[in-house]
Amino acid sequence: MGAGHDHGALSMGYAHRWRLWFALGLTTTVMIIQVVGGIATNSLSLISDAGHMGTDALGLGMALAAILAVANATRHPRRTFGLHRLEVLAALANTLLLLSVSTWVVYEAITHVSDPPQVKSTPMLIVAVVGLLANGVSLLLLRNGADDSINIRGAYLEVLGDLLGSVGVILAALIIATTGWWYADPIVAIAIGAFMVPRALKLGRDAMRILLQNAPQDLDMTAVNETLRETPGVADVHDLHAWTLTSGMDVVSAHLTVKSDTEVAGVLMRSQDALRDEYGITHATLQVEPGTAKQRCESLNW
C-alpha cells in the first residue's frame with residue numbers, strides 16, 4: 001500500500017534525539033533548584049521561571065517521546081504514512097503549554113504589581129545565573145535541530161523562553177539589590193510572558209498548517225502546475241495537491257493527462273525528476289491517464 005515508498009522512515013528530528021535527552025535532564029535539574037530557590041527568596045519571577053522550566057521539561061519529554069514513537073513504530077496496514085504526525089501534535093501541545101504558562105505568569109505578576117513581594121536578591125541572582133547557564137547549553141544543543149523539525153522547534157522555543165526568563169530574573173535581582181525597587185520582580189515576569197506569546201502562536205500556526213494539509217509555505221503551486229504541464233508528453237494537469245507530512249517531508253499528488261502516442265513510463269519519470277530537481281520533492285504520486293479520464297475527475301463533488 002505504500003507503493004514501494006517507506007513512510008516509516010526516520011524523521012529529521014531523530015538525529016537530534018540525544019540532544020533532547022541531555023536538555024531534558026538539565027532542565028529538570030535546574031527546575032528543582034529554581035523551585036527551591038524561588039520559595040526561599042520569595043521571588044515571583046524566579047518561581048515563574050521555574051514554571052517555565054517545568055513546562056519545558058514536559059515539552060521536551062513530549063518532543064522526545066514523539067520522535068522515539070515514530071522511530072519505533074511497527075509497520076501496520078492502516079498506518080500507510082507511519083506515525084510522523086505525532087511530531088506535529090507534540091509541537092501543537094508545546095504551543096498550548098507555552099501559552100498557558102505565559103498567561104499564568106502575566107496574571108500572577110499583574111496581581112502583585114500593586115503589592116510587590118520583598119525578595120532576597122542575592123540568592124535569587126545566584127539561582128538565576130545557574131538557570132541561565134543551563135538554558136544556554138540546552139539552546140545551543142537544539143539550535144540546529146530547530147531548523148529541521150517543527151517538533152524540535154517547539155522544544156527550542158520552550159528553552160528560549162526559559163533563557164529569557166533567567167536573563168529577566170538576573171536583571172530584576174540586580175535592580176532590587178542596587179535600588180531596592182521591588183516592582184522590578186513582577187514587571188520582569190510580565191515582560192517574559194508577553195515576549196513568548198507571539199512565538200508560541202507562530203509555532204501553533206505552523207503546526208495547524210501541517211495538520212490541515214495546506215500546501216508547504218515555500219512551494220509555489222502555480223509554478224508546480226506549470227512545471228508538470230511543460231513536461232514533454234503532458235497535455236494537461238488536474239487534481240494537483242501538495243501537503244507536508246512532517247518537517248522535511250513534502251508530498252505531491254497529481255493526475256497527468258498525456259498526449260496520444262506518448263510513452264507513459266517516460267512521462268512519469270520526467271515529471272518525477274522535474275519535481276525532485278526543481279522543488280526538492282522526492283515523494284510524488286502521479287497518475288498518468290488518457291484525456292477522457294479527466295471528465296471522471298471533474299464529476300467529483302469535493
Side-chain angles (χ1 to χ4, degrees), residues 24 27-63 89-121 123-132 134-135 138-139 153-177 179-208:
L24 177 59
T27 299
T28 303
T29 301
V30 175
M31 177 198 69
I32 296 172
I33 295 173
Q34 287 187 331
V35 168
V36 175
I39 295 174
T41 61
N42 199 30
S43 169
L44 176 62
S45 60
L46 192 56
I47 292 175
S48 69
D49 198 27
H52 268 298
M53 278 288 195
T55 56
D56 279 0
L58 183 58
L60 288 167
M62 287 191 302
L89 291 174
L92 189 59
N94 262 325
T95 298
L96 297 177
L97 279 173
L98 284 165
L99 290 175
S100 298
V101 172
S102 296
T103 301
W104 174 78
V105 167
V106 171
Y107 172 78
E108 286 293 318
I110 290 175
T111 60
H112 285 79
V113 166
S114 59
D115 185 24
Q118 297 185 6
V119 301
K120 301 174 183 177
S121 58
M124 171 184 171
L125 178 61
I126 294 173
V127 174
V129 169
V130 172
L132 177 65
N135 286 319
S138 296
L139 202 69
R153 189 174 4 134
Y156 177 85
L157 285 177
E158 292 274 11
V159 176
L160 175 62
D162 267 341
L163 183 138
L164 294 173
S166 296
V167 171
V169 174
I170 291 172
L171 179 62
L174 291 174
I175 292 174
I176 292 171
T179 68
W181 195 55
W182 309 111
Y183 291 97
D185 189 49
I187 288 175
V188 165
I190 292 173
I192 294 169
F195 181 84
M196 289 308 301
V197 168
R199 285 151 184 80
L201 291 175
K202 183 181 185 304
L203 176 66
R205 185 170 63 248
D206 290 344
M208 288 301 299

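Val106 and Ala194 make their closest contact through CG2-N, 4.1 Å (heavy atoms, listed as atom of the first residue, atom of the second, distance). Listed here is the closest heavy atom pair of Ala128 and Ser166: O-CB, 3.8 Å. Counting all heavy atoms, side chain and backbone alike, Ala172 lies closest to Ala184 at CB-O, 3.9 Å. The minimum heavy-atom distance between Gly131 and Val30, with the atom names listed, is CA-CG1, 3.6 Å.
The distance from atom CD1 of Ile110 to atom CD1 of Ile187, rounded to the nearest 0.5 Å, is 11.5 Å. For the atom pair Leu171 CG and Leu125 CG, the distance stands at 10.5 Å (nearest 0.5 Å). A distance of 9.5 Å separates CG of Leu157 from CG of Leu139, quoted to the nearest 0.5 Å. Atom CG of Asn135 sits about 6.5 Å away from atom OG1 of Thr27, to the nearest 0.5 Å. One distance of note links CD1 of Ile170 with CD1 of Ile175; it measures 12.0 Å at 0.5 Å rounding.
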Checklist entry - Would Leu99 and Leu201 satisfy side chain to side chain contact (heavy atoms under 4.5 Å, CB included), going step by step from the backbone distance to the final call? => result CA-CA 8 Å; Leu99 290 175; Leu201 291 175; 3.9 Å; yes
